[in-house]
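No experiment lies behind these values; they were computed from the predicted model shown. Note that ligands are numbered from 1 as they come in the structure, with each ligand's atoms numbered from 1 the same way.
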Amino acid sequence: MSINDLFASSLYTHFVSHYANPAGADLLARTEPFFEWQDARRAQGLWPYSRSLDGAPEAACAVRSETGTGAVGLNFLSQDYLGLSTHPEVVRAAERALRDHGMHSAGSGMLGGNTAPGLALESALAEALQVPHVALFSTGWGAGFGTITALVRPDDHVLLDTLSHACLQAGAAAATRNVVRFRHLDNEAVRRHLKKIRTRDAHNAVLVVTEGLFSMDSDIPAIEELQSICHEWGATLLVDMAHDFGQMGPRGSGSVGAQGMLGKVDLVMGAFSKTFGSNGGFVATRSPAVRQFIRVFGGPHIFSNAISQLQASVVAEALRIVRSDEGDVLRGRLGAAVGTLRGTLEERGVMALGTPSAVVPVVVGDAAVARVAGRMIFERGVFVNLVEYPAVPIKGSRFRMQVMATHTGAQARAAGVVVSDCIAEAKEIVQHGGVIQGPFTILTPPPSPLSVAAA
Ligand SMILES: Cc1ncc(COP(=O)(O)O)c(C=O)c1O
């Protein structure tokens, strides 16, 4: 097969969406074509998903691919933005929680699953967000899906930023057929849609959904203006702070805090799986009625086990650090590493999208180039997330690099050099033909990440 034929093959041109709707009477057998395609990518080192970390998500770490090969290198794929999951005080809080409360939450939040650490976390979040009523969920996904499906009835309307997270899109789709996706960050488009909806429907509710920081593009909406447009047209605003809460804004208060909107947005929600070193999610509201309604009618709250005591204790300690002077120091370190990474990429002709944040999206465009570059980046010991269609536009394949406060400037620079070199080399190979260097330069089993010198 010529190199041109290779890059024209399904290995490089198909996306998961090609296999999402298989036909046939055998529910299980019809998954095979997807598996074969995925396996072919895996065999070529072109399936960069479902990797596993051996050890904690530290700046230098050991990673194993799905085929079991391991590598040691620089970790730019974890979302532990302030490095709190391994912070000594957070680890001690986890040990204390385990000793005093055990692992288990013993039921859903409605049926015996509420715990003292969970209630304490609700109060701490209420104070941090300046919103008195907080409901917890065992995942961020559940918080998004549960909030929307609890509140929105079939005749209501949902307006979603087109790049909204899957939990928000799935919640909207499950709640009503009246879903409109508006142009990313375009408040004027929201105004136009609201006007149109309100001209024909004054009787049903409208929910407008956006995020505090969009993780595919690292950009931020104008929240105050959006909130006032919503109120002008009798709509409610929900801001998902999953990525910005903790790592951005004064005392980690996210974009909502940075824009002077703490306590003023109708509904805010978020996830503990990024800056807060754990799992779980929340929604916060000024209304006790709304909180109780979401708890009782939000499926993932009432029909799923509550966040565990261990997780709630970890998040509470992480939140304490986020809001402290030490939190400011960690955000400063994170900002410095982000600046070095973005600066290195830019010097070398690669533009990172959006505004500086812990998420640094590096758009490659062509899927074949991105897949070849992704393999090379892994081989050279830098771990990044490849994001492809349908999560991003079909010609918008990109690497989502996630920076942590624990990255040194040297590590950020090294990663920027590797990523920009690999993209340039992959372009050369795909566009002008060439040979993909192999085999993989893999160390198995990987040594302890602690033995990896800070590059
Ligand atoms: C904006 C947004 N909301 C919600 C979630 C879901 O959070 P979790 O992964 O903690 O369930 C994510 C996770 O990636 C997210 O990016």
Side-chain angles (χ1 to χ4, degrees), residues 49-50 53 57 77-82 84-85 121 125 129 135-150 158 160-174 181 184-185 207-221 223 237-249 254-256 265 267-284 294 298-301 304-308 310-312 314-315 318-319 353-355 357-361 384-388 390-392 398 400-404:
Y49 306 109
S50 304
L53 261 63
L77 48 72
S78 293
Q79 298 184 322
D80 188 12
Y81 298 142
L82 295 187
L84 293 178
S85 76
L121 176 59
L125 284 166
L129 296 165
L136 298 179
F137 289 80
S138 51
T139 63
W141 202 96
F145 185 85
T147 297
I148 295 176
T149 50
V158 181
L160 290 154
D161 187 293
T162 189
L163 295 191
S164 298
H165 187 262
C167 67
L168 307 168
Q169 307 258 6
R181 287 176 187 80
H184 182 48
L185 301 185
L207 177 67
V208 175
V209 180
T210 190
E211 297 184 16
L213 173 71
F214 284 89
S215 65
M216 295 304 172
D217 287 18
S218 187
D219 51 12
I220 293 169
I223 297 169
L237 179 64
L238 168 65
V239 177
D240 183 342
M241 315 169 69
H243 286 275
D244 51 313
F245 185 31
Q247 60 111 352
M248 298 178 85
S255 302
V256 168
V265 174
L267 291 167
V268 291
M269 58 153 287
F272 305 135
S273 54
K274 288 84 175 92
T275 302
F276 296 90
S278 184
N279 279 325
F282 69 91
V283 60
I294 291 172
H301 184 90
S304 189
N305 230 51
I307 185 170
S308 76
L310 186 59
Q311 289 170 322
V314 162
V315 176
L319 181 60
L353 282 186
T355 199
S357 80
V359 180
V360 179
V384 297
N385 289 309
L386 172 61
V387 189
E388 299 191 329
V392 292
R398 68 198 60 182
R400 192 168 84 174
M401 301 182 72
Q402 289 162 170
V403 187
M404 302 184 287

Scanning both residues in full, the closest heavy-atom pair of Leu160 with Gln169 reads CD1-OE1, 3.7 Å

Report yes or no: does Gln79 have a heavy atom closer than 4.0 Å to ligand 1? no

Phe145 ring center within less than 6.0 Å of Phe137 ring center: no

Ranked by distance from atom 3 (N) of ligand 1, the top protein heavy atom is Asp240 OD2, 2.6 Å

Could you tell me whether some N/O pair between Met269 and ligand 1 is separated by less than 3.5 angstrom? no

Give me the nearest non-hydrogen protein atom to atom 11 (O) of ligand 1 as residue plus atom name, then the distance to 0.1 Å. Trp141 N, 2.8 Å

Going by the order shown, which atoms of ligand 1 are within less than 4.0 Å of some heavy atom of Glu211? 1 (C)

Once you measure the plane-to-plane angle for His243 and Tyr81, does it fall in the parallel (<30°), tilted (30-60°) or perpendicular (>60°) bin? tilted

Provide the number and element of each atom of ligand 1 under 4.0 Å from a heavy atom of Ala242. 1 (C), 2 (C), 3 (N), 15 (C)

Contact between Val265 and Ile223 at the side-chain level, heavy atoms closer than 4.5 Å - yes or no? yes

For Ser255 against Ile220, the heavy-atom pair lying closest together: OG-CG2, 3.7 Å

Measure the distance from atom 5 (C) of ligand 1 to every protein heavy atom, then report the residue, atom name and distance (to 0.1 Å) of the closest one. His165 CE1, 3.5 Å

heavy-atom search around atom 14 (O) of ligand 1 in the protein gives Lys274 NZ, 2.8 Å

From the options Gln402, Arg400, His165, select the one residue that forms a side chain to side chain donor-acceptor pair (under 3.5 Å) with Ser215. Arg400

Start with the C-alpha distance between Phe272 and Leu121, add both sets of side-chain angles, then the distance that settles side-chain contact (heavy atoms from CB on, under 4.5 Å), and finish with yes or no. CA-CA 11 Å; Phe272 305 135; Leu121 176 59; 4.0 Å; yes

Consider ligand 1: state whether an atom of it lies below 4.0 angstrom from any non-hydrogen atom of Cys167. yes

Residue Ala271 vicinity, atoms of ligand 1 by number, heavy atom under 4.0 Å: 7 (O), 10 (O)

Suppose we measure from atom 10 (O) of ligand 1 to each protein heavy atom; which comes out shortest, and what is that distance? Ser273 OG, 2.6 Å

Kindly indicate, with the supporting measurements, whether the criterion side-chain contact (heavy atoms from CB on, under 4.5 Å) is fulfilled by Ser218 and Leu213. CA-CA 6 Å; Ser218 187; Leu213 173 71; 3.9 Å; yes

Which residue and non-hydrogen atom of the protein lie closest to atom 16 (O) of ligand 1, and at what distance in Å? His243 NE2, 2.7 Å

